[in-house]
Amino acid sequence: MRIIRFLSDDNNIYLGEENKDFQNVANIVQGNIFDINTLKKTGKSRYIVKLLSPLIPKDIFCVGLNYMKHYEELSKKKGIKLPGRPVIFMKSTSSLNYHNNTIAIPNVGKYPEEVDYEVELAVVIGKPALNVAAEDALDYVAGYTVANDVSQRYWQNNAGAGQWITGKSFDGYAPLGKL
């Protein structure tokens, strides 16, 4: 089941599945988005006024420098060395966006050309996880979606004493696709 979250013509937010027969209509689904097994079709449909991020996570954890070709690009341009451990950063939940919505580029002074983007695979963790064995990790995955990691490179690299959150958390800088 490919799940969307949307604002309907009755001004309520629903989970749903896009209706293949009618454009801008979704079949309503109820349940917990973080537990796919609880999702059930209701037999009801609503018009889609606006598509929203498919979910609102509590936290958005990201792994930086995880794509070797992109790292090699950065290394050539800026001399960045590959760290010995994964680079972990966060994006604020205010940066969530739906993949077709426009991203407003904030006025960041003389560095607007440094807005960059990278396509990512988002893994949605569906239940609390602590001390999970590697062989059990997939039991905690509720689903996957495509994400776009939008960054304002000047603020990423020059604000926050090495922390990336400032340059990666402008409103709308974390578009997500369907779950």
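Keep in mind the model is a prediction, meaning the values are calculated, not measured.
- Linking ILVMFWY side-chain heavy atoms closer than 4.5 Å, directly or via other members, places Tyr173 and Trp155 in a single hydrophobic cluster.
- The cluster map of Ile, Leu, Val, Met, Phe, Trp and Tyr, joined by side-chain heavy atoms under 4.5 Å apart, puts Ile105 and Tyr154 in the same cluster.
- Closest approach of Leu51 to Tyr98, counting heavy atoms only: CD1-CE2, 3.2 Å.
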Identify each donor-acceptor pair in which a side-chain atom of residues 18-28 lies under 3.5 Å from a protein atom, sequence neighbours left out, and give them as a table.
residue: Glu18; atom: OE1; partner: Lys178; partner atom: NZ; Å: 2.7
residue: Asn19; atom: OD1; partner: Asp21; partner atom: N; Å: 2.8
residue: Asn19; atom: OD1; partner: Phe22; partner atom: N; Å: 3.2
residue: Asn19; atom: ND2; partner: Asn27; partner atom: OD1; Å: 3.1
residue: Asn27; atom: OD1; partner: Ser45; partner atom: OG; Å: 2.9

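- Closest approach of Val87 to Trp164, counting heavy atoms only: CG1-CH2, 3.6 Å.
- At least one side-chain heavy atom of Arg46 sits less than 4.5 Å from a side-chain heavy atom of Phe6.
- Contact detail for Gly172 and Ile103: the closest heavy-atom pair is O-CG1, 3.6 Å.
- One distance of note links CZ of Phe89 with CG of Leu65; it measures 9.0 Å at 0.5 Å rounding.
- Evaluation of the side-chain contact (heavy atoms from CB on, under 4.5 Å) rule for Asp139 yields Asp136 as partners, not counting sequence neighbours.
- Between Glu118 and Asn148 the shortest heavy-atom distance is O-OD1, 3.2 Å.
- Between Leu39 and Leu15 the shortest side-chain heavy-atom distance falls below 4.5 Å.
- Under the 4.5 Å side-chain criterion, counting only non-hydrogen atoms from C-beta, Pro54 is not in contact with Ile4.
- Val146 is not connected to Leu176 by any chain of hydrophobic side-chain contacts under 4.5 Å among Ile, Leu, Val, Met, Phe, Trp and Tyr, and they are in different clusters.
- Contact of the Gln152 side chain with the Phe170 side chain is registered, since non-hydrogen atoms from C-beta on lie closer than 4.5 Å.
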Practice item. Show your reasoning for whether side chain to side chain contact (heavy atoms under 4.5 Å, CB included) applies to Val150 and Asp116. Key: CA-CA 6 Å; Val150 181; Asp116 197 3; over 6 Å; no
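- Scanning all heavy atoms of the two residues, the minimum distance from Thr93 to Lys58 falls at CG2-O, 4.0 Å.
- At distances below 3.5 Å, at least one donor-acceptor pair connects side-chain atoms of Asp10 with backbone N or O atoms of Asn12.
- With hydrogens and angles disregarded, no donor-acceptor distance shorter than 3.5 Å links the side chain of Lys91 to the backbone of Ile165.
- In this structure, the side chain of Ser8 engages the main chain of Tyr47 through a donor-acceptor pair within 3.5 Å.
- Leu55 and Ile60 fall into different hydrophobic clusters, where Ile, Leu, Val, Met, Phe, Trp and Tyr residues are linked whenever their side-chain heavy atoms come under 4.5 Å apart, directly or through other members.
- Heavy atoms from other residues, nucleotides or ligands lying under 6.0 Å from OH of Tyr67 number 12 at most.
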Could you walk me through whether Val141 and Val124 pass the side chain to side chain contact (heavy atoms under 4.5 Å, CB included) check?
-> CA-CA 6 Å; Val141 174; Val124 178; 6.0 Å; no
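- For the atom pair OG (Ser95) and CE (Met90), the distance works out to 10.0 Å, reported to the nearest 0.5 Å.
- Environment of CD in Gln30: sparse, with no more than 12 heavy atoms of neighbouring residues, nucleotides or ligands closer than 6.0 Å.
- For the atom pair NZ (Lys50) and CD1 (Ile13), the distance works out to 9.5 Å, reported to the nearest 0.5 Å.
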**Study point:** side chain to side chain contact (heavy atoms under 4.5 Å, CB included) between Lys81 and Ser75, intermediate numbers included
**Key:** CA-CA 6 Å; Lys81 293 184 178 173; Ser75 178; over 6 Å; no
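- Glu120 contributes no side-chain N or O that, together with a main-chain N or O of Ala122, makes up a donor-acceptor pair within less than 3.5 Å.
- Panel note: side chain Thr38, backbone Asn32; a donor-acceptor pair is recorded below 3.5 Å.
- Linking ILVMFWY side-chain heavy atoms closer than 4.5 Å, directly or via other members, places Ile125 and Leu121 in a single hydrophobic cluster.
- When every heavy atom of Ser169 is checked against every heavy atom of Ser94, the shortest pair comes out as O-OG, 4.1 Å.
- Leu130 contributes atom CG, which lies 9.0 Å from atom OH of Tyr140 (distance to the nearest 0.5 angstrom).
- Under the side-chain hydrogen bond (donor to acceptor under 3.5 Å, both in side chains) criterion, Lys168 pairs with Asp149, Ser151, not counting sequence neighbours.
- Residues Glu17 and Arg2 are not paired through a salt bridge, judged by the lack of any N-O separation under 4.0 Å between the basic side chain and the carboxylate.
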